[in-house]
Structures are given as structure tokens and as C-alpha cells.
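Worth saying up front: this structure is predicted, and the values here are computed from it rather than measured. Just follow the structure's listing: the first ligand is 1, and inside any ligand the first atom is 1.
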Amino acid sequence: MNLFRRPAPSLDDLILDAPHELPSESLMPTVARPAQVFVRGQGSWLWDSEDRAYLDFSQGSAANSLGHSPQVLINALAGQSQALINPGSGLHNRAQLNLVDRLCQHTGSDQGYLLNSGAEACEAAIKLARKWGQLHRGGAYRIISASTGCHGRSFAAMAASAGAGASRFEPLLPGFSHVPFNDLPALHAAVDAQTVAIMLEPIQSEAGVIPATEHYLKGVERLCRELGILLVLDEVQTGIGRCGTLLAEQQYGVRADIVTLGKGLGGGVPLAALLARGKACCFEAGELAGTHHGNALMAAAGVAVLDTVLANGFLQHVRESGLYLGEGLARLAYRYDHGQLRGHGLMWGLTLSDDCADAVVKAALHEGLILNAPQPDCLRFTPALTVSKSNIDEMLVRLARAFARVRTAQLQCRKGIAV
Ligand SMILES: *Cc1c(COP(=O)(O)O)cnc(C)c1O
């Protein structure tokens with residue numbers, strides 16, 4: 001054995017200049033995070049504590065729909081916090097009433113309810129569907145969802161999601177089954193007398209930005225009507241303009257019975273919503289509550305976001321910059337031999353030629369670009385809905401450098417192994 005031979009460098013060693021120290025040992029290490037600490041944000045840009053600038057094409061996993069610290073959000077939060085932060089969820093506040101009225105009006109829903117997170121909204125949707133099953137389908141309770149779907153990390157949301165590391169926390173909540181996405185016959189076959197609802201994302205995000213086909217989603221809607229069960233659409237990520245229309249269901253010409261919203265609705269503050277239509281509006285007093293449900297401060301943020309997204313020309317801008325981003329990504333993917341591009345509006349996924357997405361995310365961070373990787377071979381792009389063409393051009397330059405950096409590291413790595 002040659003003691004002087006160094007171990008072959010890992011891809012990470014080759015991509016990053018120096019290993020960073022952990023910023024804190026007090027924080028539970030439940031999420032793998034880079035070492036930088038971020039202190040400032042403006043629009044599509046973020047700055048770390050060493051004043052390095054990063055172009056942010058993740059935006060808190062699509063939560064910061066208007067970018068970092070937009071003036072409308074600052075004003076809404078400042079105004080509301082001066083007037084009233086929280087009368088308590090047992091009392092009405094104007095911001096909450098305003099937001100549910102507007103959400104219902106603009107999404108064609110009959111009732112709405114405000115919560116704190118996407119997972120919570122999905123839990124509430126599951127509760128609502130079960131309540132409906134007790135009233136209208138002989139106590140049916142089972143929810144069918146897609147085997148590659150993701151509805152959050154709480155227990156009912158995890159049970160609906162199938163993956164997401166759920167098996168480590170068994171026993172899971174019973175009453176869920178899973179079928180492959182975009183497979184109508186499989187879905188039809190799975191419905192039984194105990195089934196109360198089908199719950200899907202119109203575009204699966206964690207699975208790698210996989211849109212439902214129009215044939216599929218329309219077929220699912222028809223199936224639900226024919227069999228007398230509910231359609232629940234999880235629009236936590238696709239909703240509030242992300243895909244170029246207020247809800248993604250509009251692009252499919254589909255109307256769900258229950259819709260969940262989250263992420264972009266709060267523009268960066270924790271806010272989610274449950275919307276219901278027609279007979280699905282069946283909650284009564286005492287069946288759903290939470291200390292911060294309808295919190296006035298968060299609701300005021302939601303009103304500011306919704307007003308902005310509904311303003312003249314905004315969604316047109318999302319559609320146009322979405323196409324511009326898609327074209328740019330397709331060109332770059334072709335140049336670097338990467339694969340398929342999928343998405344709508346400003347939600348894109350790019351499949352890479354091998355499982356190097358984590359390496360690209362790290363290399364991109366090094367180039368001052370923030371991205372994430374929902375799958376080992378897939379990059380996800382969810383910039384601010386206000387992103388400019390020059391932001392997109394700059395992102396493509398930085399992404400090209402990241403691709404090149406990973407290519408070089410991969411070659412070196414292979415050589416290292418070959419020596
Ligand atoms: C992020 C997400 C959730 C969970 O939302 P949290 O706010 O993280 O709880 C649920 N469904 C979809 C489609 C999501 O993208």
C-alpha cells in the first residue's frame with residue numbers, strides 16, 4: 001500500500017475552494033444547508049455576511065413571489081403592525097376578511113380559510129374531504145394521491161406524499177393510497193367505495209417539475225364527477241401566479257372542489273389558504289382552528305401580494321419572462337448536453353445528463369447563484385415573479401460557469417480514480 005498516495009478528491013472538494021465551518025452547533029441539523037449566513041435581500045439578489053451578492057433563482061422555494069423585501073410588502077407589514085398584529089384567531093380582523101373575500105372572488109371559490117403553511121393547508125384539505133365523506137359518501141375517507149407527489153412534512157401530508165422520508169416515522173396515518181402520476185387507468189382502478197377524494201399537484205414540484213398532461217387532469221376531473229368524489233388540487237407552489245395564471249388549474253380548464261395555497265401567497269411570510277367550492281364547503285364551528293390562523297399581519301401580506309399579482313400586466317410579465325427563461329435554459333442545456341426542460345410560467349425543471357444536480361447547486365452557489373435540486377438529476381428554477389430579463393441573462397451566465405466547473409471536476413475525478 002502506498003501511504004503517500006492522497007485519496008481521490010471528491011467532486012465537492014474539486015468544486016469548492018475551501019470547506020466552510022459550521023455556523024452553529026445549536027441548530028438541529030435537519031436540513032443540509034451551505035455555511036453562508038444571509039443578511040440582506042433586494043428583488044432577485046441576496047447578500048451574505050461577507051457582503052457577497054447572490055442571484056436568487058430559488059426564492060425560498062418559490063415563497064418570495066415578489067422577490068426579496070418588495071416595497072409593497074414592507075408597506076403592508078409596517079402599516080398592519082402599527083394598526084394591529086393579532087387580535088387572536090377567535091376574533092375577526094379586517095385583513096383576514098379582505099384576503100378570503102378576494103381569494104374567493106378571483107378564484108371562483110365559495111369559502112376560504114387562512115393558515116400558516118402549505119402542509120397545514122393540505123392537512124386541512126384532507127380533514128375537509130373526510131368531513132364531506134361523512135356527510136355525502138357514507139363515511140368514505142380514503143384519499144388517493146400520486147406516488148411521486150409531495151404535500152408537506154406533517155403526518156397527514158406525509159401520508160399523502162408517499163416519499164419524503166416518511167417510512168422513517170411509521171406508523172403513518174392510514175387511509176391513503178398512491179398511484180403513478182399521469183396514469184388515468186391506474187387512478188380509475190384505485191377508486192373504491194371508501195375513496196373520498198383524489199389529491200394532486202397540477203405540476204409536481206419535488207418529483208422534478210412534472211406537469212400533469214391536459215388529458216390526464218381533465219380526465220381526473222371527469223372521473224371525480226362521474227364517481228361522485230372530490231378533486232383536491234394542491235396549488236401550494238403552482239398558485240398565485242407562479243405558472244402565469246392566478247391558479248394553474250385555469251390553464252388546464254379544470255375546476256377542483258378544494259384548492260390549497262401557500263408559499264407565494266405570503267410573499268415570504270408564513271401564510272397558506274384552503275379554498276372550497278360548492279358542496280365541499282362543509283366545515284362547521286369547532287372543526288378547524290389554530291392560534292395563528294388568519295393572523296392579521298400575515299393576511300395583510302397576502303392582500304399586498306394578491307393585489308400585486310392581479311394588477312394589470314403582471315401575469316403577462318410572468319408568462320413572457322417564463323418563456324424567456326425557458327428558451328435560455330433550453331439553449332444552455334443543449335450546449336452542455338443536458339436533458340429535458342419542463343415547466344410553466346416561472347417554474348422550471350431541467351433534467352441533467354447524470355446525477356450531478358447537487359454538485360451543480362454547490363458550484364452555482366460558488367458562482368453567486370442560488371438554485372435547488374428536487375431530484376439528484378434535476379435542477380429547479382423558481383425566481384421572483386418580478387424577475388427581469390437582465391436577471392435571467394446574468395443567471396444563465398452564472399449557470400454556464402457552474403456547468404463548466406462541474407464538468408471539469410468530473411473529468412479530474414475520473415482521472416483521479418483512473419490513476
Ligand atoms: C411546499 C409544498 C407543500 C408544503 O408546504 P410547507 O409550507 O412547506 O408546509 C405542499 N405542497 C406543495 C405542492 C408544495 O410545493
Side-chain angles (χ1 to χ4, degrees), residues 30-31 33 58-65 113-129 143 145-166 169 173 176 178 181-182 197-212 217 220 231-243 247-249 251-252 254 256 258-275 290 292-293 295 298 301-302 305 342-349 371-375 378 380-383 385:
T30 65
V31 173
R33 297 184 177 94
S58 164
Q59 290 287 355
S61 303
N64 311 324
S65 41
Y113 184 81
L114 304 180
L115 316 91
N116 307 295
S117 71
E120 224 190 347
C122 291
E123 296 263 339
I126 291 163
K127 264 193 180 177
L128 184 57
I143 312 262
S145 56
S147 40
T148 45
C150 183
H151 304 286
R153 305 302 171 109
S154 58
F155 268 90
M158 232 171 16
S161 304
F169 302 103
L173 188 71
F176 293 84
H178 306 97
F181 192 54
N182 274 334
I198 292 169
M199 180 168 179
L200 297 169
E201 299 157 86
I203 301 176
Q204 294 191 319
S205 180
E206 282 301 296
V209 190
I210 300 174
L217 213 57
V220 175
L231 175 59
V232 181
L233 284 182
D234 177 352
E235 294 232 29
V236 167
Q237 188 153 160
T238 54
I240 309 298
R242 174 58 55 188
C243 297
L247 297 182
E249 66 164 17
Q251 292 182 35
Y252 286 92
V254 162
I258 299 173
V259 176
T260 58
L261 297 172
K263 295 203 167 86
L265 176 61
V269 306
L271 177 65
L274 174 69
L275 301 175
H292 284 300
H293 289 180
N295 178 288
M298 302 309 142
V305 169
R342 296 175 298 258
H344 269 295
L346 282 167
M347 178 174 175
W348 288 97
L371 292 179
N372 60 44
Q375 292 289 318
C378 179
R380 180 171 50 199
F381 303 82
T382 53
L385 303 182

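Between the side chain of Thr382 and the backbone N or O of Met347, no donor-acceptor pair lies under 3.5 Å. A donor-acceptor pair under 3.5 Å links the side-chain atoms of Arg242 to the main chain of Leu346, judged by distance alone. Counting only distance, with no hydrogens or angles, the side chain of Gln237 and the backbone of Ser205 share no donor-acceptor pair below 3.5 Å. Although no hydrogens or angles enter the test, the distance criterion places no donor-acceptor pair under 3.5 Å between the side chain of Glu235 and the main chain of Pro202. Under the 3.5 Å distance criterion, the side-chain polar atoms of Asn64 are left unmatched by any main-chain donor or acceptor of Ser58.
Closer than 4.0 angstrom to ligand 1 lie heavy atoms from Ser117, Gly118, Ala119, Cys150, His151, Gly152, Glu201, Asp234, Val236, Gln237, Lys263.
The CG atom of Asp234 lies 9.0 Å from the CG atom of Leu261; values are rounded to the nearest 0.5 Å.
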